[in-house]
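For reference, the structure is listed below as structure tokens.
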Amino acid sequence: MPDRSEPRPSAQGIDWGRIHERLDAISVRLADGASPEAQAAHMAKRAQALTAPEERAGPAPGDDLVVFGLAGQRYAIDIPAAEAVVPIDQLVPLPGVGAAHLGLLMHRGLLYAVVDVNALLDRPVAAPTTPAFAILLGDPGCAIGLAADALFGLAREATPQRGAAGAGLLCALLPDGTGVLDAEALSLSARLVVDHRLRPSSTP
């Protein structure tokens, strides 16, 4: 029976050198009767296994995305571009703007213009829906939120290649048809610029 009288070392006080010596001695005993060349090869293999660096699985290729829906269309945007996903309680309407602008939303003291991606892409929808969420973009020069009526969670783009969807606000398409939005192109879109100057009256 093993001698249990010796105190067991703590996890921080483990003598790994002694453990390796015991394992090597056991290996030699198990290889007893083998030729010296076989024993040497066995010990060399053992030493190589002990000194080999630990292999860690790297992340799969591609980009992490937030996937959402609006009026039956599925979209995604890179997680680093999304500052937050917030519920929409109330939108302040903007008079005199295009159909893409749904209104203003306040979040942590900042105003975000919530936009309809379907309208930006000129995609017809069977029936408009009331958005319940907004994906706020983190670009400090363009405080916009992407309207969503459904959140599908996170996904990883199968390939890191972009440009499959052609030029414009979409930079890629996922296998299920989800359109990946280009955050930089969104922030630079001229259709999101609101002219606050007074328009001349049509009446004299």
Side-chain angles (χ1 to χ4, degrees), residues 62-158 160 162-203:
D63 297 308
D64 291 319
L65 308 167
V66 180
V67 184
F68 63 97
L70 181 65
Q73 301 287 345
R74 290 174 64 99
Y75 298 102
I77 195 161
D78 292 329
I79 286 180
E83 179 180 336
V85 178
V86 299
I88 296 178
D89 296 325
Q90 183 180 6
L91 289 177
V92 179
L94 284 171
V97 297
H101 288 271
L102 301 180
L104 295 177
L105 180 146
M106 178 76 74
H107 178 67
R108 294 183 178 178
L110 297 177
L111 283 175
Y112 291 83
V114 179
V115 298
D116 183 334
V117 179
N118 289 328
L120 284 175
L121 296 173
D122 295 319
R123 286 186 169 182
V125 295
T129 60
T130 301
F133 308 95
I135 293 89
L136 307 181
L137 303 189
D139 186 347
C142 184
I144 64 174
L146 307 178
D149 56 23
L151 296 175
F152 299 114
L154 306 180
R156 178 173 286 273
E157 191 177 357
R162 297 295 179 99
L169 301 181
L170 291 178
C171 59
L173 287 175
L174 299 184
D176 62 358
T178 299
V180 181
L181 295 164
D182 187 329
E184 184 177 0
L186 280 170
S187 65
L188 298 176
S189 174
R191 298 185 64 177
L192 295 180
V193 176
V194 177
D195 191 349
H196 296 283
R197 295 174 296 180
L198 291 177
R199 299 181 179 181
S201 175
S202 58
T203 58

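Note that the structure is a prediction, hence the values are computed from the model and not measured.
Among residues two or more places apart in sequence or in another chain, the side chain to side chain donor-acceptor pair (under 3.5 Å) test is passed with Asp116 by none. Partners of Leu110 by side-chain contact (heavy atoms from CB on, under 4.5 Å), not counting sequence neighbours, listed by chain and number: Tyr112. In this structure, the side-chain contact (heavy atoms from CB on, under 4.5 Å) partners of Ala155, at least two apart in sequence or on a different chain, are Val67. Considering only residues two or more places apart in sequence or on other chains, Ala185 meets the side-chain contact (heavy atoms from CB on, under 4.5 Å) condition with Leu169, Asp182. Qualifying side-chain contact (heavy atoms from CB on, under 4.5 Å) partners for Val125, counting only residues two or more places apart in sequence or in other chains: Ala71, Asn118. For Gln73, the side chain to side chain donor-acceptor pair (under 3.5 Å) criterion is met by Arg123, not counting sequence neighbours. For Thr178, the side chain to side chain donor-acceptor pair (under 3.5 Å) criterion is met by Arg74, Asp176, not counting sequence neighbours.
Each of Arg108, Met106, His107 was evaluated against Val86; a single residue qualifies, His107, per the side-chain contact (heavy atoms from CB on, under 4.5 Å) test.
Annotation: the span from Leu137 atom CG to Asp78 atom CG amounts to 10.5 Å, rounded to 0.5 Å. Between atom CZ of residue Phe68 and atom CG of residue Leu146 there is a gap of 4.5 Å, rounded to the nearest 0.5 Å.
Sorted by first and then second residue, the side-chain hydrogen bond (donor to acceptor under 3.5 Å, both in side chains) pairs with a member in residues 126-137 read Thr129-Asp149; sequence neighbours excluded.
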Could you give me the CA-CA distance, side-chain angles and deciding distance for Leu102 and Val115, then say whether side chain to side chain contact (heavy atoms under 4.5 Å, CB included) is met?
CA-CA 5 Å; Leu102 301 180; Val115 298; over 6 Å; no
